[in-house]
S.K.: 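One structure coming up, written as structure tokens, with questions to follow.
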Amino acid sequence: NGDAILRVVLFLKNTLKPALFMKLIANQPSAVDHYVNHLATTMKIYEASEILMALERHHEAILLQFKVIVQSKNVIQKLEKLKVLQENLTKTPNNFLGTQIKNYTTLLEMQINERLYFQPHDILEKSVLETLYYACEKFPRFSDPTSTSSLTNPFKICEDFNIAPAQFDWVALNQRARTQAWKDIEDLFKKKSLVLKKKTFVISIPLEIAILRLYQLKAPQAVLNSFLQHVEDPERRLMLSKKVGAIHSIID
């Protein structure tokens with residue numbers, strides 16, 4: 001019974017010396033879990049972290065602190081605490097947890113520094129994909145991913161935060177289509193081929209889904225025809241052409 005365990009632990013905590021208390025609960029993982037949960041619930045995060053650290057459960061302590069920091073309303077204080085937490089994590093390395101905290105710190109720092117650039121949209125504390133969405137709106141040349149070295153370059157955001165190519169393609173396609181930037185959409189999927197020494201059509205999302213989405217977003221016939229020509233199966237291409245009303249592709 002969790003309540004019974006917690007009552008016993010609290011009684012021991014209030015009646016024994018700290019060293020003896022720690023010695024007793026060190027061999028009782030269930031007791032530690034209930035006690036740490038009690039401390040976290042009553043917002044005694046520092047004390048909960050100290051208990052976990054003393055029992056060499058360092059990653060749980062870091063994760064508990066991270067959870068509390070994320071809930072903070074003051075973004076400047078949040079960023080400062082995240083940097084301290086990142087330093088503490090170097091003493092007890094954890095690749096996965098370290099990467100998550102580093103990425104969140106980098107994202108928040110970038111959002112604070114660049115938020116005015118994104119007006120009228122406020123990107124502060126938005127997710128990585130939401131930030132990427134607004135970055136696509138501001139990016140000048142999708143035909144040249146290196147056209148700007150800014151932190152808000154959507155290609156750099158993908159690299160920094162390990163965004164999958166399919167996620168990037170879907171976000172960029174939707175954003176540019178909604179703003180009717182049809183030239184950008186065509187440039188987006190034309191990649192330079194080092195072997196053929198010319199641009200080839202490369203897309204990471206299913207081509208059929210991309211075509212139907214473009215149709216939903218009222219893409220011009222020329223854009224739909226451009227995508228349809230890359231559907232290899234003639235019967236499938238004809239069926240899709242009829243579905244989206246692409247007359248030129250139907251005739252072809």
Side-chain angles (χ1 to χ4, degrees), residues 103 106-107 110-111 114-115 117-194 196 198-250 252:
N103 284 348
T106 303
L107 178 66
M110 187 263 281
Q111 289 174 339
E114 304 288 339
R115 64 183 303 194
Y117 173 75
F118 284 94
Q119 286 186 332
H121 307 296
D122 188 354
I123 61 165
L124 204 56
E125 298 199 90
K126 292 289 192 293
S127 69
V128 173
L129 292 182
E130 285 177 296
T131 305
L132 174 65
Y133 183 89
Y134 293 128
C136 288
E137 182 180 352
K138 297 287 185 178
F139 194 61
R141 290 177 60 196
F142 279 88
S143 58
D144 182 10
T146 60
S147 57
T148 172
S149 58
S150 167
L151 292 175
T152 58
N153 179 328
F155 295 94
K156 181 166 177 30
I157 291 174
C158 288
E159 184 181 333
D160 290 344
F161 298 100
N162 199 27
I163 296 173
Q167 284 182 305
F168 172 64
D169 285 356
W170 183 250
V171 170
L173 181 143
N174 275 275
Q175 200 288 319
R176 299 321 285 151
R178 284 198 175 105
T179 50
Q180 299 186 340
W182 308 116
K183 175 67 168 60
D184 285 348
I185 284 181
E186 295 201 55
D187 289 340
L188 181 65
F189 300 109
K190 289 178 181 176
K191 306 286 193 299
K192 287 182 180 178
S193 172
L194 296 176
L196 301 175
K198 65 177 184 178
K199 289 189 175 181
T200 57
F201 184 85
V202 180
I203 188 167
S204 300
I205 53 180
L207 187 52
E208 182 176 335
I209 290 176
I211 292 168
L212 292 174
R213 184 60 179 154
L214 287 170
Y215 175 66
Q216 286 176 345
L217 295 172
K218 298 181 172 30
Q221 290 267 319
V223 175
L224 293 172
N225 289 327
S226 175
F227 275 73
L228 282 161
Q229 70 178 343
H230 298 290
V231 178
E232 294 182 1
D233 182 356
E235 290 185 12
R236 195 71 183 158
R237 184 162 66 245
L238 178 59
M239 185 276 291
L240 273 172
S241 300
K242 289 179 178 178
K243 202 167 188 176
V244 300
I247 305 302
H248 182 77
S249 293
I250 294 172
D252 283 349

S.K.: Checking Gln216 now: which residues fulfil side-chain hydrogen bond (donor to acceptor under 3.5 Å, both in side chains) with it, not counting sequence neighbours?
M.R.: Arg213

S.K.: If you look at every heavy atom in Asn225 and Ser249, which pair is closest and at what distance?
M.R.: OD1-OG, 2.6 Å

S.K.: I need the full list of salt bridge (Lys or Arg N to Asp or Glu O under 4.0 Å) pairs touching residues 171-182, with sequence neighbours left out, sorted by first then second residue.
M.R.: Arg176-Asp184

S.K.: So, using side-chain contact (heavy atoms from CB on, under 4.5 Å) as the criterion, who are the partners of Ser226 when residues are at least two apart?
M.R.: Glu186, Gln229

S.K.: Residues two or more places apart in sequence or in another chain: which of them pass ring-ring contact (aromatic ring centres under 6.0 Å, His included) with Tyr133?
M.R.: none

S.K.: Any ring-ring contact (aromatic ring centres under 6.0 Å, His included) pairs touching residues 204-242, not counting sequence neighbours?
M.R.: Phe189-Phe227, Phe201-Phe227, Phe201-His230

S.K.: Looking at Phe155, Tyr117, Phe118, which one forms a ring pair (Phe, Tyr, Trp, His ring centres under 6.0 Å) with Phe139?
M.R.: Phe155

S.K.: Which pairs count as salt bridge (Lys or Arg N to Asp or Glu O under 4.0 Å) when at least one residue sits in residues 162-173, sequence neighbours excluded?
M.R.: none

S.K.: Return the set of residues passing side-chain contact (heavy atoms from CB on, under 4.5 Å) with Ala210 (not counting sequence neighbours), or none when no residue passes.
M.R.: Leu173, Ile203, Ile205

S.K.: Say you draw a straight line from CD1 of Ile123 to CG of Leu107; how long is it, rounded to the nearest 0.5 Å?
M.R.: 7.5 Å

S.K.: Under 3.5 Å, which donor-acceptor pairs do the side chains of residues 158-166 form with other protein atoms, sequence neighbours left out?
M.R.:
{"residue": "Asp160", "atom": "OD1", "partner": "Lys156", "partner atom": "NZ", "Å": "3.4"}
{"residue": "Asp160", "atom": "OD2", "partner": "Lys156", "partner atom": "NZ", "Å": "3.2"}

S.K.: Distance check, rounded to the nearest 0.5 Å: Leu132 atom CG versus Gln175 atom CD?
M.R.: 9.0 Å

S.K.: Taking all non-hydrogen atoms of both residues into account, name the closest pair between Trp182 and Ala177 and its distance.
M.R.: CH2-O, 3.6 Å

S.K.: Which atom names give the shortest non-hydrogen contact between Ile211 and Leu224, and what distance separates them?
M.R.: O-CD2, 3.8 Å

S.K.: According to salt bridge (Lys or Arg N to Asp or Glu O under 4.0 Å), who are the partners of Lys183, at least two apart in sequence or on a separate chain?
M.R.: Asp187

S.K.: Dump the intermediate steps for side-chain contact (heavy atoms from CB on, under 4.5 Å) on Phe142 and Cys136, then the final yes or no.
M.R.: CA-CA 9 Å; Phe142 279 88; Cys136 288; 4.1 Å; yes

S.K.: With salt bridge (Lys or Arg N to Asp or Glu O under 4.0 Å) as the rule and sequence neighbours excluded, what pairs involving residues 227-241 come up?
M.R.: Glu208-Arg236

S.K.: Look up atom OH in Tyr134 and atom OG1 in Thr152, then write down how far apart they are to the nearest 0.5 Å.
M.R.: 15.0 Å

S.K.: Of all residues at least two apart in sequence or in a different chain, which pass the side-chain hydrogen bond (donor to acceptor under 3.5 Å, both in side chains) check with Asn153?
M.R.: none

S.K.: Donor-acceptor pair, Gln221 side chain versus Gly245 backbone, under 3.5 Å?
M.R.: yes

S.K.: Can you list every salt bridge (Lys or Arg N to Asp or Glu O under 4.0 Å) pair that touches residues 117-137, not counting sequence neighbours?
M.R.: Lys78-Glu125, Arg115-Asp122

